[in-house]
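A quick write-up on the structure given underneath.
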Amino acid sequence: MKIRISVEPPNKKRKESSDLLKKFKCKYFYIDKSLLIKEFLQNGSKIVCITRPSGYGKTTNLIMLRYFFEMNYENIKENEFQNLQNKKYFENLLISKEKEDDQTYLDKYQGKYPVIYLDFSSDFEIEKTFEVTIENFKTFIKKLFRSYKNINLKNLDKYDKEQWENFQNGTFSISELKESISFLCLSLNKAFNKKIILLIDNYDSPILNTINTNNEFYKFYEEVFLEIFNQDKRNHYLFKTFITRNLNKIPILMNYEMLKKDYIETHREIIWTLLVEYCYLIYDYRTVTAKFDFKVVKLEIRTNDVSEFIKNKLSSWKQNLCKDEKIKNTIDSLTRNYDEERIIEFLKDKIKSNLGYSTGYDYYNNEFLDKYYSIIYSLLSLSDKCEVVTKEIFNENNDIRELLIIPKKNLKSNNNKNDIIYIIINYSNIVEKGCIEALDYNENLVFDNIKLKEKYDKIIKFGIAFYEEICDVIYEINYGNWEEFQYASNKNCYLIDKTKMISKLINRKGIIAYLITRPRRFGKSSNLSMIKEFFEKPINEKENEDKKFVFDGLEVSKDRKNMRHFHKYPVIFLNFKGNKSKEDGSSIINFLKTEISSVFIYYKNRIDFNKLSSYQQEEWNKIEQMSDGVILQNTIKFLCTCLKEFYKRRCIILIDEYDKIFSEKLKSESTFGTIQTFFSRTFKGNDYLRFGMVTGCLDIGLNELNSGANNFTKCSLLKDNYFSDCYGFTEDELKKVLSNFNISDSKEKSIIKNIYNPYSIMKFVQKNKNKRDNFELSNYWIYSEKNEKLKNLLKNSLVAEQESGYGIIDIGFPNEKEKKKKCLIEMKVNDENIKEYEDNEDDNKI
């Protein structure tokens with residue numbers, strides 16, 4: 001667009017220039033913006049809203065539009081509406097040279113339409129009371145109607161003519177006042193049989209002025225404009241509407257319920273958002289430190305009026321904002337706790353209240369995108385503990401927005417050891433997929449040409465995706481300087497990293513339930529606790545702070561995609577190790593009831609119990625109290641359904657030492673079937689199960705095809721296609737342990753092979769630290785626990801298999817007090833080849 005600037009001292013102006021300046025309300029000169037007329041007409045939108053700060057020429061352009069389009073209302077000849085008096089102001093402007101359909105814009109559009117021009121800044125004032133403000137608005141409407149006093153109303157019916165006179169005289173009710181502008185539009189449309197051009201200047205002025213003075217009028221004002229556009233849907237009287245203001249789109253403000261007085265205290269952030277997002281405050285980019293070269297957004301006050309408003313109202317609101325528990329928790333969820341569900345809840349609530357669907361306004365994808373972006377930015381800008389950094393190099397995709405959150409303590413101390421938060425917002429009609437796309441975007445973590453991995457050790461990356469008012473949030477953890485997180489072993493402890501088991505669980509698809517069997521002291525319970533700690537979502541900030549660094553630098557955290565599952569799930573953990581009951585059915589069932597009740601009590605303290613339905617609460621309490629009529633077999637599946645409502649994710653179920661509640665003696669009893677059914681309904685056909693894992697020493701109770709729980713993937717010591725290197729110590733792990741504790745293996749290389757029992761290795765290291773030879777060797781594993789259950793099982797097996805000639809000979813088992821007794825010797829192979837090994841008192845072995 002070419003721009004013509006006419007600048008002359010006041011005493012040398014040509015007469016026509018002086019007339020134009022006066023007409024367009026310019027003081028010294030006018031910059032030719034008349035091509036805006038062409039853009040306005042060619043724009044496909046029926047409503048055009050221009051948002052600019054004050055002093056940017058909004059009113060001048062609106063006046064220009066008025067005098068270009070406005071027709072001559074008096075002495076109209078047939079089909080001759082053109083306002084020749086106004087035409088002269090445009091004959092030397094750029095618009096005069098433009099054509100459409102072989103006609104100039106002047107001939108085709110100038111002076112051809114009824115125009116309604118509303119200025120809510122200079123022509124109308126908000127007073128302290130609703131009654132006085134309404135009187136001002138009545139005066140405003142009366143003057144508006146009187147400006148059309150000489151038009152011909154012959155096309156109006158009797159009722160409309162009477163109503164027109166009432167508006168000119170100021171004799172009308174409040175309900176009629178709400179319809180006044182829509183009535184004016186419809187009347188002019190009927191009078192001239194032409195559609196209306198509606199021009200509204202400073203639309204936002206009454207809204208901002210009603211925030212602390214007259215909230216009742218805000219509702220009235222909203223209804224006036226809803227009536228205009230709702231009537232247009234029915235009568236189609238508007239040709240084009242042009243609106244100017246400092247705030248954003250009409251539908252947003254029309255639906256700002258939180259601007260009402262009774263919402264101020266609980267929704268203070270909305271007021272702050274208005275001022276930050278819509279230009280009453282401006283952004284000033286400042287370099288924080290030369291080391292990071294980040295531009296941090298500071299908020300600068302644009303005008304004295306806004307300065308006074310902030311001084312009197314917003315400063316105290318901002319200071320007290322975090323007293324609002326919901327706002328504080330959401331900020332913490334984005335900057336400290338990483339609680340996805342809480343963030344989703346907040347965004348859904350705000351986007352629903354701010355988008356203004358009731359007006360019928362159609363938002364484009366990027367308008368949704370910018371709305372989410374502005375809400376997140378405005379929220380985070382309220383935090384006193386972090387700085388929000390926006391991009392200066394806009395090289396991201398069109399449907400992507402990015403923000404960086406830097407803890408203020410990092411800025412002050414140049415310390416990079418704390419988390420830095422990187423937020424990517426994406427538009428996608430499948431929000432969960434959109435979150436993953438956002439997380440996969442910019443995998444190198446470069447922000448404004450700064451490589452975050454080189455500057456920060458730990459980057460929390462949020463993927464936020466939305467589709468209209470639906471949104472989802474997923475976060476992952478990325479590491480920069482990896483060496484900072486390597487586990488620091490010392491002379492008193494050493495960690496064998498088995499977290500690769502978590503990676504296998506995450507990436508293994510199609511397996512719902514695992515049955516892990518290993519001899520005792522092979523790390524079954526430790527691995528189950530590790531799985532629980534990784535997946536279980538913390539209940540509160542303190543629990544999160546205690547746990548969120550546990551897996552830093554371990555094998556599982558090397559793949560950022562694994563960390564998308566960190567602290568995300570409800571985990572149901574049952575440990576049957578404590579079963580000391582006799583092997584009778586009722587004792588075992590009572591033990592099982594007690595353990596299940598404990599799990600329900602545990603989770604009642606972790607959820608908002610009152611949000612469950614009355615039926616769910618009643619069933620929950622029955623199970624917790626183990627009342628009569630509770631079906632034990634269904635309890636854990638029921639718990640899964642309840643937890644899914646709160647966590648929005650399926651449950652993980654972990655059961656340790658499951659074989660403690662099975663007994664061969666129970667096979668003939670109904671108790672055995674009850675326990676099998678409990679496992680079947682918990683792990684099979686449970687749509688609320690992410691995966692389950694059951695561990696024990698022996699594969700009993702779940703190995704029959706008719707047990708119902710026949711969907712377990714079994715992983716034993718001798719046959720394990722998935723976790724063979726996750727239980728016990730491998731040869732490489734054993735070498736590292738011996739080396740760490742300065743135990744030479746030069747003379748014992750023959751023993752370093754296969755998988756080693758962790759308990760035996762731990763006891764050996766404990767007794768032989770820093771030794772080069774003369775090692776103290778013993779059967780540590782043999783003496784680690786009594787073997788009564790295995791002993792009874794073998795005895796039963798011998799009796800059961802006697803007739804076939806296959807069985808097991810039991811010579812007895814040692815324990816700590818009877819170390820010299822004989823231990824298990826060997827198996828009887830068959831009747832023809834019976835071989836018996838007796839133990840040696842100095843070399844007990846299995």
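Residue indices begin at 1 and follow the sequence shown.
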Is the ring pair [X]/[Y] parallel, tilted or perpendicular, if the boundaries are 30 and 60 degrees?
X: Y422; Y: F447; result: perpendicular
X: Y569; Y: F535; result: perpendicular
X: Y514; Y: F723; result: perpendicular
X: Y427; Y: Y467; result: tilted

Look at [X] together with [Y] and state whether they make a salt bridge at an N to O cut-off of under 4.0 Å.
X: K504; Y: D725; value: yes
X: D687; Y: K644; value: no
X: K648; Y: E345; value: no
X: E657; Y: R520; value: no
X: E341; Y: K537; value: no
X: D732; Y: K736; value: no
X: E533; Y: K547; value: yes
X: R560; Y: D440; value: yes
X: K561; Y: E476; value: no
X: R606; Y: E543; value: yes
X: K714; Y: D720; value: no

Judged by modelled atom types alone, do [X] and [Y] share a side-chain donor-acceptor pair under 3.5 Å?
X: T499; Y: D497; value: yes
X: T517; Y: D699; value: no
X: Y479; Y: D457; value: no
X: D656; Y: S525; value: yes

| remark: Which of F600, W620, Y603 passes ring pair (Phe, Tyr, Trp, His ring centres under 6.0 Å) with F609? Answer is W620

| message | Quick check on the 6.0 Å ring-centre criterion: do Y727 and F522 meet it? | response |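 No, the ring centres sit 6.0 Å or more apart.
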
| field | Sub-6.0 Å ring centroid separation between F462 and Y475 | value |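 Yes, close enough.
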
| Closest heavy-atom contact between I464 and A438? | N-CB, 4.4 Å

| field | Heavy-atom pair with the smallest gap, counting every atom of F638 and Q616 | value |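 What the structure gives for the nearest pair is CZ-O, 3.6 Å.
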
| request: Count the heavy atoms belonging to other residues, nucleotides or ligands that lie under 6.0 Å from CD of E645, then report whether that count exceeds 12. | output: yes

| message | Quick check for you: to the nearest 0.5 Å, what is the distance between I405 atom CD1 and I331 atom CD1? | response |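 Separation between the atoms: 10.0 Å.
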
| Quick one: does I400's side chain get under 4.5 Å of I425's, heavy atoms only? |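 SC-SC contact between I400 and I425 ruled out.
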
| request: Begin from the C-alpha positions of N507 and N562 and carry the test side chain to side chain contact (heavy atoms under 4.5 Å, CB included) through to its verdict. | output: CA-CA 8 Å; N507 296 307; N562 289 337; 3.9 Å; yes

| task | Kindly indicate, with the supporting measurements, whether the criterion side-chain hydrogen bond (donor to acceptor under 3.5 Å, both in side chains) is fulfilled by N426 and Y441. | result | CA-CA 10 Å; N426 184 28; Y441 180 80; over 6 Å; no

| task | Verify, without hydrogens or angle tests, whether K461 (side chain) and L439 (backbone) share a donor-acceptor contact under 3.5 angstrom. | result | yes

| field | Under 3.5 Å: donor-acceptor pair, side chain of K637, backbone of L689 | value |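 Checked: no pair found.
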
